[in-house]
Protein chains: 4
Amino acid sequence: MPIKMKAAVLMGQDQLEIKEVQTPSPGPQDVLINVKACAICSSDVSLMHKPWPHQPPYGSFIPGHEYAGSVVAVGEKVDEFQPGDRVAVEAHLGCLRCRNCRLGNYTACLNYGKLDKGHRANGFTTNGGYAQYAVNHINTVYKIPDSVNFEEAALITNLGCVLYGFETIGGYVVGDKIVVIGPGPLGLISVAVAKALCAGKVVLIGTRESRLQAGLSMGANRIINVNNEDAMEAVMDETNGLGADLIIESSGNVNGPQMAIEMAKRMGKILLLGFPDGPVNANFSSLGKDNKSIYTVRGEGWANVGRAISMLESSRISLKPLATHAFPIDEIKEAFQTFTQRIGGAIKVIVKPNAD
Amino acid sequence: MPIKMKAAVLMGQDQLEIKEVQTPSPGPQDVLINVKACAICSSDVSLMHKPWPHQPPYGSFIPGHEYAGSVVAVGEKVDEFQPGDRVAVEAHLGCLRCRNCRLGNYTACLNYGKLDKGHRANGFTTNGGYAQYAVNHINTVYKIPDSVNFEEAALITNLGCVLYGFETIGGYVVGDKIVVIGPGPLGLISVAVAKALCAGKVVLIGTRESRLQAGLSMGANRIINVNNEDAMEAVMDETNGLGADLIIESSGNVNGPQMAIEMAKRMGKILLLGFPDGPVNANFSSLGKDNKSIYTVRGEGWANVGRAISMLESSRISLKPLATHAFPIDEIKEAFQTFTQRIGGAIKVIVKPNAD
Amino acid sequence: MPIKMKAAVLMGQDQLEIKEVQTPSPGPQDVLINVKACAICSSDVSLMHKPWPHQPPYGSFIPGHEYAGSVVAVGEKVDEFQPGDRVAVEAHLGCLRCRNCRLGNYTACLNYGKLDKGHRANGFTTNGGYAQYAVNHINTVYKIPDSVNFEEAALITNLGCVLYGFETIGGYVVGDKIVVIGPGPLGLISVAVAKALCAGKVVLIGTRESRLQAGLSMGANRIINVNNEDAMEAVMDETNGLGADLIIESSGNVNGPQMAIEMAKRMGKILLLGFPDGPVNANFSSLGKDNKSIYTVRGEGWANVGRAISMLESSRISLKPLATHAFPIDEIKEAFQTFTQRIGGAIKVIVKPNAD
Amino acid sequence: MPIKMKAAVLMGQDQLEIKEVQTPSPGPQDVLINVKACAICSSDVSLMHKPWPHQPPYGSFIPGHEYAGSVVAVGEKVDEFQPGDRVAVEAHLGCLRCRNCRLGNYTACLNYGKLDKGHRANGFTTNGGYAQYAVNHINTVYKIPDSVNFEEAALITNLGCVLYGFETIGGYVVGDKIVVIGPGPLGLISVAVAKALCAGKVVLIGTRESRLQAGLSMGANRIINVNNEDAMEAVMDETNGLGADLIIESSGNVNGPQMAIEMAKRMGKILLLGFPDGPVNANFSSLGKDNKSIYTVRGEGWANVGRAISMLESSRISLKPLATHAFPIDEIKEAFQTFTQRIGGAIKVIVKPNAD
């Protein structure tokens, strides 16, 4: 391994700069990954602009939590992996010792950010994937089959997160009517997962035609452009006036939660995958009169990244259409610009620290 | 049975008047109940002021959904009950034919208010208990033991509702730390249920000392008067800075939901039992980052009134301290006034259409 | 409607005879169905040989619980259906008034067989579908789309039962490794459902090559003929020596349950869909040391027939390959013979009381 | 710390001998416990007679998994505990890296017995508590309040196991009718937990009057001595002929499982806490026709030992009546004899490696 590597270090607010830094070494239960692809997530944009809780200080922090690559070295206690393995990762290790971790809820670790307790969330509280090499505890590493390329593999936490959301709301949606609000990456994947799990009807709501069209190709039964149609009316039309069994609000719009509450059937469920920064208005009285519930998920919990890989392997879902753009790590600023401004219809943008 | 009976009929906005009306007859699967006690609920106050959905028109509607009495006649298909049985009721029958009812979620019936489909919610969409006699489908009737008097029995839907809330959030809280916001009847009962189900610590938050003291006698480990103490600080102090496993927001205050979100542990649950009329502000971003969920319940579902009676029978809980006042039906206006203005420290106020 | 109709009446042990009987009339919440197809189930064979609990007496009982047809009349309170609707049915209505029914568990009705309480299980305790006309309460009737023919629709309770089984064990099997023992109709459908719900790997175990091949075409990743291979070894080979996440035992063989216990992973689940008549041996000690659970299902509960239709409508599954043979009702004896002796590779055999 | 300590080492079949061995040292995330009390469990008797899977070889293994004591040293990474803390333990650490552990199911660790992977189950695969000192990973250690003495604390895994069982079957039993078969320690604790969680009625079935009387004092509503009464008839009498909601089979008798199946209500649940060594007969057909399920638990999972301590602290349950006998470690053979032969009405027998 080279002693030095190239990495994108957060030097200040919105200042991500390519630096030469020391290549990290794997601990006893870690692997060292040669990162082939690291996808940009909107949370990267958010934490670069305003640090998230327990984020390392400027000058020392390498972001990036959606990545894939090849194992190049393994810790002394590791026999689950060996050099050459192609792998994808999840961000949250947890501390493995708090009550939430002990119960399997490691993305909600109670020692979040406490490195001395063993907690790591690569790309949030420890170094991530915008670098030529990254270290991951084996709990956060999954082998990928040859049929999954690194760019698709870099998106796997998105699928893991959506699956975690589906598992959280019960996991069984056969024949259900589902509304997805917001055709961002998580919204589009939600459409695909809903269909893969045999939902009866999936309605996608958004504002931009190209994204809605992408949703159609992901399997949506109906797309609704709120600029052209009354979304509430359309949903009631699709649900015999009863509302949908499940609403996945993924837009992060301040009006999203209230729209979700109104569109849900009595006893219906609402899953929030997108969030505006500030407080939103929501009529909880209507929520209560109709016995509805609101669920959220942090990250890609309950080992759903493993399930995600299985879905890719069996071609039950493809993330490839979402990986619209890729840039070498030296062009990381252009990569972020492409993502945030959605240049060229960008959905997910990949940064490539190493050649495949 | 007398052909005519005394009943409180809603004649117009906030106009509840004692009238002589026809005594109802039980259908094949119904019982006729001689109502001994009917408790005033804040939803009565609300629907008298502004009609709820599917409420019968002024001049024909008898409110009141929390009642108990003696069976005096049974329908031709009924052998589960016989005249003389002492009984309490639940409000929601459901239609027994929509998908939600078929799945056991009858308080969230999809034919709510459609009488021709069989739906009934006594005191909401069909006549209730502010009358000398009331008709109930047997699904909504439960025998009570001699140790439970009619006044306590009239409060049973409150306990049923809280139990339904506990079952909704999972039902297993042994050793958990629970915060209850709002010492109204449902809040106080929540304290008692939490303790009965072996919660580790129950903190009750409110503004009025007398109610907080009532909470203490219901079993709260700590009471917090927000006028004197920083509630957030106190909760963190009681939870090692982690937040509580479960927050029951029962105040209906516009600040309640946000306070609940902040006080919940990562992966914690929030159960809403009180709701302000209008929309409230809530930071869903914080909800999501910490993987919290929000649950609501309508009514006293999943046959929890049956479970409630068991708790009273075995003295695991007593509702008697909540039944602070009682009035004959002729003084129903004074009864409502006592309840809404909390005269004499009123918690629950009982209307008695017949002598015991 | 004709006053008389043709029906197969159980006249004595194993004596099913075509008789002319009175055409039934629908009650207020019923529909009358012109039966186009009624599939033979092994429980029909069983109850014809030895009456099941609460079965009507010889001379008055029309079996058959898997049927589909056209609505020809509706009860006075019905607006959910109208004459001409193409429909499939489920067997269990329940009584709608016992605690299990109230909670949505109508296939486990506590008033099973008590007709005066309202319970019906068509083909078990009330008349079924081996007749030109049958009466069903609307709760047990589902519209089918034009793309589903009556023969496939007659098999829908099989899919409903398997789906109920999957919902019972949690309903979420993405990426899981599943073993199905016994390639009978329910076993083959289990394979298809497991794949449809994105199981990672499905292994089918049996003894007859033709049925195993059918399983392969339903989606099994691997088939194991126990006559040629060591099934335990093969399953361990497919699961890295850990055992499978879920074992569906559908063979009804006396060795099935023990095999299932041994093949399950630690914390794994076992779903029993087939049962030998008498007691079986099973090592519960091994079950306990490895924290495994055993689930069973009766019938097609929790409205899963509705979900089943959605799967057929969206072509996520096809039952057509299972409907191998069909006979007019006059040849019902030949139909049963074909089914029990598996003549011509019969899987499911359809009886047709009317022309399509 | 002394370099040497006294410990009971398993030298051969049924040969537990007091030896002087090296005092163990805590690893970075461990604590060293001065063991004050270690309770004898029937699994100790079993594994001493015939080694359990992955048990260390004769001459090197110190059994004992139910113990409590004082922390005397902590590992370098530990700040959750400090010397002087009074603590109780659970047996299963798990490996913290397999899929089951990652999901919180550490008692069903997939690396069971693989010490190099980090797995430990003290008293089963690693050294336990029949010694003056024992090492525990902090995940398996819980502080106990002053009101809980060491003898009671040594029994805490029993309560943890029963609570894990209750959580496994859903955790919510308010008003339910529960039958417990077998008044051994787990059976008696099951009675107490059922009552503490507000079960409506608890029936205890056994053969020995003294144990049944103990059950009565733990809260059983009715005791049935099968030598004097027909247990099936009695249970039906107590359940209106419907059977019980939950059967806890804790006798380990070969007839227990079948009795449990028969006594359960339709849709009822069966929890197995006791197991005969060999296979048992059970009628799975009846299980299936009535939609019943069978659950088992291994150990005291999902951190229920923490919940158990909370119950002791709040006096919701007391284990003191079960700690009938105690012996210094030098008399450990007499202790085992007292336990296995139930001398003097022994229920649980405590071994004391150190003075309190």
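Every heavy atom of this structure was used, including side-chain atoms; hydrogens, water molecules and symmetry mates were not. Residue numbers begin at 1 in each chain, while the letters A, B, ... track the order of the sequences.
- By number of non-hydrogen pairs under 4.5 angstrom with chain B, the leading residue of A:Ala108, A:Pro279, A:Ser43 is A:Ala108.
- Atom-to-atom distance recorded for B:Leu271:CG and A:Ser293:OG is 9.0 Å, nearest 0.5 angstrom.
- Residue B:Phe124: no heavy atom, backbone or side chain, is found under 4.5 Å from chain A.
- Counting heavy-atom pairs under 4.5 Å between each of B:Leu110, B:Asn283, B:Val280 and chain A puts B:Val280 at the top.
- Interface residue B:Leu242: only side-chain heavy atoms are found under 4.5 Å from chain A.
- Taken from NZ in B:Lys265 to CG in A:Asn100, the straight-line distance is 5.5 Å, to the nearest 0.5 Å.
- In this structure, CG on A:Asp277 lies 12.0 Å from OG on B:Ser286, to the nearest 0.5 angstrom.
- Remark: A:Asp14 CG is packed, more than 12 non-hydrogen atoms of other residues, nucleotides or ligands lying under 6.0 Å away.
- For chain B, the nearby parts of A:Asn281 are the backbone and the side chain; heavy atoms of each come within less than 4.5 Å.
- Both the backbone and the side chain of A:Thr107 have a heavy atom closer than 4.5 Å to some heavy atom of chain B.
- For A:Leu287, the parts sitting under 4.5 Å from any heavy atom of chain B are the backbone and the side chain alike.
- Under the 30°/60° scheme for interplanar angles, the aromatic rings of B:Tyr295 and A:Tyr295 are found to stand perpendicular.
- In this structure, no portion of B:Lys269 lies under 4.5 Å from any heavy atom of chain A.
- Side-chain contact of B:Asn291 with A:Tyr164: a donor-acceptor pair under 3.5 Å is present, judged by distance alone.
- For chain A, the nearby part of B:Leu272 is the side chain; its heavy atoms alone come within less than 4.5 Å.
- Taking the side chain as every heavy atom from C-beta outward, B:Ile294 and A:Phe284 approach each other to under 4.5 Å.
- For the atom pair SG (B:Cys109) and CE (A:Met267), the distance works out to 12.5 Å, reported to the nearest 0.5 Å.
- The 12-atom threshold is not exceeded at CD of A:Glu233, counting heavy atoms of other residues, nucleotides or ligands nearer than 6.0 Å.
- Residues B:Pro276 and A:Ser285 approach most closely at O-CB, 3.3 Å, considering heavy atoms.
- Judged purely by atom type and a 3.5 angstrom limit, A:Thr296 uses its side chain to pair as donor or acceptor with the backbone of B:Lys292.
- With a 4.5 Å cut-off on side-chain heavy atoms, A:Trp52 and B:Lys289 count as touching.
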